[in-house]
Amino acid sequence: TRTSRPQRILKAVQRKATVGDPQSVITAIDHFCRHREWAMNVGDEKGSILDSVVSEVSPVTVLELGTYCGYSTVRIARLLPPGACVITLEFNPDYAAIARQVIQWSGLEDKVQLVEGASGDWIPWMKEHFGVQAFDLVFLDHWKERYLPDTKLLEECGLIQKGTVLLADNVICPGTPDYLEYVRNSPRYNSHYYRSHLEYTKAEDGLEKSVFLGY
Ligand SMILES: O=C(NCCCCc1cc2cnccc2s1)c1cc(-c2ccc(F)cc2)cc(O)c1O
Ligand SMILES: [Mg+2]
């Protein structure tokens, strides 16, 4: 097909959503992915759980690993108070280009810093480059085999502090067994599994919320 799936998602947003209205952007993407083409957005069901965690934490600085088309970036940013922001990392430049436009359409570009590159390369520079002390919330939604090494890297870099909340997508499907084992057995995390479904399907999936208890 001539266009990419992310390009078709952007078209659906431009056709169906209102500029400056984040909820209409979310609704347009969910409708397209449920009725036209499946895509790996966190989706509406897990998205509601994400919303409740963001509202509960009311974070000032958020790190999102894995932007894709910006769907969860918009879900998070729309709930942030003035002065709060989400730094989101995307490895694929084509996805990043689409995500920028989706975030712009939602009117939330002032609350979002989209960075292109690999988590392992960027995490050690976060403090220096963004002046971040520590993250209040980290949403993990990137390579599933990077959840654990990147969590350890965030710890080593002092970007996770007492009270930081980690929220991980896809802990069942595709699955992140080593990460789950780590956060559930570590005395330094308090973990809770929110049972749900793989976006737009009946397959089981869920989000794991892990609160760092400090050293
Ligand atoms: O792979 C998934 N997400 C990761 C792709 C992001 C690549 C990046 C690496 C990287 C490195 N550094 C910084 C930023 C980034 S972004 C994913 C896959 C499924 C799925 C797919 C097929 C299936 F049958 C069932 C589930 C569902 C999901 O919800 C997903 O999130
Ligand atoms: Mg995901």
Side-chain angles (χ1 to χ4, degrees), residues 6 39-43 46-47 49-51 53-54 57 59-77 79-80 84-100 102-103 108 111-161 164-183 186 189 191 194 198-199 205-212:
M40 61 181 172
N41 316 115
V42 74
K46 289 186 289 178
I49 300 166
L50 171 63
D51 289 356
V53 172
V54 173
V57 176
V60 174
T61 39
V62 182
L63 174 63
E64 174 181 64
L65 299 173
T67 315
Y68 190 44
C69 296
Y71 173 89
S72 48
T73 322
V74 168
R75 285 202 83 110
I76 294 166
L79 298 175
L80 296 182
C85 87
V86 43
I87 297 170
T88 183
L89 259 57
E90 178 50 54
F91 180 73
N92 180 313
D94 301 324
Y95 294 173
I98 297 294
R100 288 189 202 285
V102 168
I103 291 158
L108 292 165
K111 293 180 180 297
V112 178
Q113 290 248 22
L114 198 160
V115 181
E116 293 179 35
S119 49
D121 299 335
W122 264 100
I123 287 170
W125 294 103
M126 286 278 162
K127 286 202 176 203
E128 197 163 330
H129 198 272
F130 294 104
V132 172
Q133 252 293 340
F135 290 109
D136 302 303
L137 173 67
V138 181
F139 181 52
L140 298 97
D141 195 20
H142 63 326
W143 287 320
K144 307 315 160 190
E145 67 278 0
R146 286 297 309 181
Y147 282 27
L148 181 53
D150 286 341
T151 296
K152 290 181 173 173
L153 189 55
L154 285 162
E155 288 175 7
E156 284 155 24
C157 297
L159 288 162
I160 289 178
Q161 287 179 357
T164 296
V165 174
L166 307 183
L167 187 65
D169 189 26
N170 309 118
V171 296
I172 303 299
C173 177
T176 63
D178 58 345
Y179 172 81
L180 271 191
E181 202 267 333
Y182 178 75
V183 289
S186 166
Y189 288 96
S191 259
Y194 294 86
L198 176 68
E199 47 267 29
D205 189 22
L207 302 174
E208 186 83 3
K209 181 181 87 169
S210 307
V211 184
F212 188 62

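Of the inter-residue distances, the one linking Ile76 atom CD1 with Lys111 atom NZ reads 13.0 Å to the nearest 0.5 angstrom. Taking OG1 of Thr176 as the start and CG of Asn170 as the end, the distance is 8.0 Å to the nearest 0.5 Å. To the nearest 0.5 Å, atom OG1 of residue Thr151 and atom CZ of residue Phe212 are 11.0 Å apart. Distance check, rounded to the nearest 0.5 Å: CD of Glu208 to OH of Tyr147 gives 11.5 Å. From Thr73, atom OG1 reaches atom CG of Leu108 across 10.0 Å, with rounding to the nearest 0.5 Å.
Side-chain atoms of Tyr71 do not come within 3.5 Å of backbone N or O of Val42 as any donor-acceptor pair.
For Tyr182, there are no ring pair (Phe, Tyr, Trp, His ring centres under 6.0 Å) partners two or more places apart in sequence or in a different chain. Under the salt bridge (Lys or Arg N to Asp or Glu O under 4.0 Å) criterion, Glu155 pairs with Arg188, not counting sequence neighbours. Applying the side chain to side chain donor-acceptor pair (under 3.5 Å) test to Gln161 and every residue at least two apart in sequence or in another chain returns nothing. For Asp51, the salt bridge (Lys or Arg N to Asp or Glu O under 4.0 Å) criterion is met by Arg75, Arg78, not counting sequence neighbours. With sequence neighbours excluded, the residues satisfying salt bridge (Lys or Arg N to Asp or Glu O under 4.0 Å) with Lys209 are Glu56. Residues forming a salt bridge (Lys or Arg N to Asp or Glu O under 4.0 Å) with Glu116 (at least two apart in sequence, or on another chain): Arg100.
Listed here is the closest heavy atom pair of Ile172 and Gly206: CG1-N, 4.2 Å. Residue Leu65 comes nearest to Ser119 through the heavy atom pair CD2-CB, 4.1 Å, listed as atom of the first residue, atom of the second, then distance. A pairwise comparison of heavy atoms in Leu50 and Ser72 identifies CD2-CB, 4.1 Å as the closest pair. Ala99 and Gly70 make their closest contact through CB-N, 3.8 Å (heavy atoms, listed as atom of the first residue, atom of the second, distance).
Taking 4.5 Å as the limit, some side-chain heavy atom of Ile103 sits within range of a side-chain heavy atom of Leu114. In this structure, Tyr179 and Leu166 have side chains that are in contact, with non-hydrogen atoms separated by less than 4.5 Å.
Sorted by first then second residue, the salt bridge (Lys or Arg N to Asp or Glu O under 4.0 Å) pairs that include residues 169-180, not counting sequence neighbours, are Lys46-Asp169.
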Without placing hydrogens or testing angles, list every side-chain donor-acceptor pair under 3.5 Å for residues 85-98, not counting sequence neighbours.
{"from": "Thr88", "atom 1": "OG1", "to": "Glu64", "atom 2": "OE1", "distance (Å)": "2.6"}
{"from": "Thr88", "atom 1": "OG1", "to": "Thr67", "atom 2": "OG1", "distance (Å)": "2.6"}
{"from": "Glu90", "atom 1": "OE1", "to": "Thr67", "atom 2": "N", "distance (Å)": "3.1"}
{"from": "Glu90", "atom 1": "OE1", "to": "Tyr68", "atom 2": "N", "distance (Å)": "2.8"}
{"from": "Glu90", "atom 1": "OE2", "to": "Asn92", "atom 2": "N", "distance (Å)": "2.9"}
{"from": "Asn92", "atom 1": "OD1", "to": "Asp94", "atom 2": "N", "distance (Å)": "2.7"}
{"from": "Asn92", "atom 1": "OD1", "to": "Tyr95", "atom 2": "N", "distance (Å)": "3.0"}

Got a list of side-chain donor-acceptor pairs under 3.5 Å for residues 134-143, not counting sequence neighbours?
{"from": "Asp136", "atom 1": "OD2", "to": "Val60", "atom 2": "N", "distance (Å)": "2.9"}
{"from": "Asp136", "atom 1": "OD2", "to": "Thr61", "atom 2": "N", "distance (Å)": "2.9"}
{"from": "Asp136", "atom 1": "OD2", "to": "Thr61", "atom 2": "OG1", "distance (Å)": "3.2"}
{"from": "Asp141", "atom 1": "OD1", "to": "Lys144", "atom 2": "NZ", "distance (Å)": "3.4"}
{"from": "His142", "atom 1": "NE2", "to": "Asp150", "atom 2": "OD2", "distance (Å)": "2.7"}

Show me the donor-acceptor pairs, under 3.5 Å and distance only, between side chains in residues 123-132 and residues at least two apart or in other chains.
{"from": "Lys127", "atom 1": "NZ", "to": "Gln133", "atom 2": "O", "distance (Å)": "3.4"}
{"from": "Lys127", "atom 1": "NZ", "to": "Gly158", "atom 2": "O", "distance (Å)": "3.4"}

